[in-house]
Amino acid sequence: MQRVYLDHNATTPLHPAVLARMTEVLRDEFGNPSSVHHFGQRAKALLDEARASVAALLGADPTEVVFTGGGTESDNFAIRGAAEAMEAAGRRHLIASSIEHEAVLNTLKALARRGWRTTLLPVDQRGVVSAEALRAAITDDTALVSIMCANNEVGTIQPVAQLAEIAHERGALFHTDAVQAAGKVPVDVRTLGADLVALSAHKMNGPKGVGALWIRRGVRLVPCVTGGRHERGRRAGTENVAGIVGCGVAAAAAREKMAADAARVGALRDRLEREILRTVPGTAVNGGDSPRVPNTTNISFERIEAESLLIALDLEGIAVSTGSACSSGTLEPSHVLRAMGFPAHRTQNSIRFSLGMGNTDADVDRVLSVLPGLVEKLRSLSRAPVRG
Ligand code: PLP
């Protein structure tokens, strides 16, 4: 069966150069980067090289990059580290958007249970946070504002530079989760004006379980992981050398091919989206009127339960995803689509197609050849009328 992988926002295959280099490092470079002898110094040199590569992707200085155990840890470190550091100044208020990833939302919830005040900003139906919403919510005791660069479900890009400026006017730090933006669109820390930027290797053809947090020089965070003096005292634990090397190679590859990939993958996404809208009645794009990352489209299918369509597509060898989580038999509506103000049925009938490195025109053709028939079949099984 021809398998078509259209779930790159969940994770991506390894870039061949990443696999090749990681294999060499796993085999030949077992030294501990903290050791002073030859083996340790070789490993340390590998970390330095990877750090320089991630810094180059972000337009940053290598000393500002801390390697972590992935995007979730980077978000945790940014939010918890800033919250604790700013507490002494009497700042106990945290702001995020209502469409953040759980890595941010649940971290805010955890801090709320420990006494921090939290505010989730609304988004409009285009899936974008407004400057007005932030201005209305921010106070002089706000410690941190956390707004993602690009949303993982609908791909919408947020006006981060503008929002960071507002945060700074009130003396708050600004964190952006750039996990879904890094490698897809330029993420330049100076242009963004943020203080903290999180990324994850496995969303850009690197390995899982490795990420980075960029921390603007001069910004003090309380470490989440305490122990030795690794990562200049910011994240303890013997470094995942091969993973970090993989992250560095992925960052270098992303930087080199970003413009070409954006054009190629963007053209595939645009054709897929256009043809689905044309050939399948009762479809609409969620967040389609906003600037989006080029690889993502989130499409609502009237009178369809997203999980059923996902499974039907999987049986045809096509991997997609829903924004909603199916837990204990109940279908959780997507918090992102709900925050965008869509009615309940639309938060449960939407499918995310996220393209990437290996996708070709043949993949798009394959989806377009089976999708209209699957939708028609699923609709014929349910008797509910098409909702306008
Ligand atoms: N932030 C966003 C926007 C994401 O999409 C993801 C992964 O889905 C994460 C954070 C978490 O990253 P990781 O899987 O590396 O922990």
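Please read all numbers here as calculations on a predicted model, not as lab measurements. Note that ligands are numbered from 1 as they come in the structure, with each ligand's atoms numbered from 1 the same way.
With salt bridges taken as basic N to acidic carboxylate O contacts below 4.0 Å, none links E100 and K109.
The number of heavy atoms from other shown groups lying within 6.0 Å of CD (E102) is above 12. Taking a 6.0 Å sphere around CZ of R220, one finds it holds 12 or fewer heavy atoms contributed by other residues, nucleotides or ligands.
Within 4.0 Å of ligand 1, protein heavy atoms come from G70, G71, T72, D75, H101, M148, N152, D177, V179, Q180, S200, H202, K203.
Partner of V320 under the side-chain contact (heavy atoms from CB on, under 4.5 Å) criterion, out of L313, L371, L309, D314: L313 alone.
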Just distance, no hydrogens or angles: give the donor-acceptor pairs under 3.5 Å from side chains in residues 14-27, sequence neighbours left out.
| unit_1 | atom_1 | unit_2 | atom_2 | d |
| --- | --- | --- | --- | --- |
| H15 | ND1 | A17 | N | 3.0 |
| R21 | NH1 | E24 | OE1 | 2.5 |
| T23 | OG1 | L19 | O | 2.5 |

After noting the C-alpha distance and the side-chain angles of D261 and N295, does the key distance pass the side chain to side chain donor-acceptor pair (under 3.5 Å) rule?
CA-CA 9 Å; D261 261 15; N295 79 317; over 6 Å; no

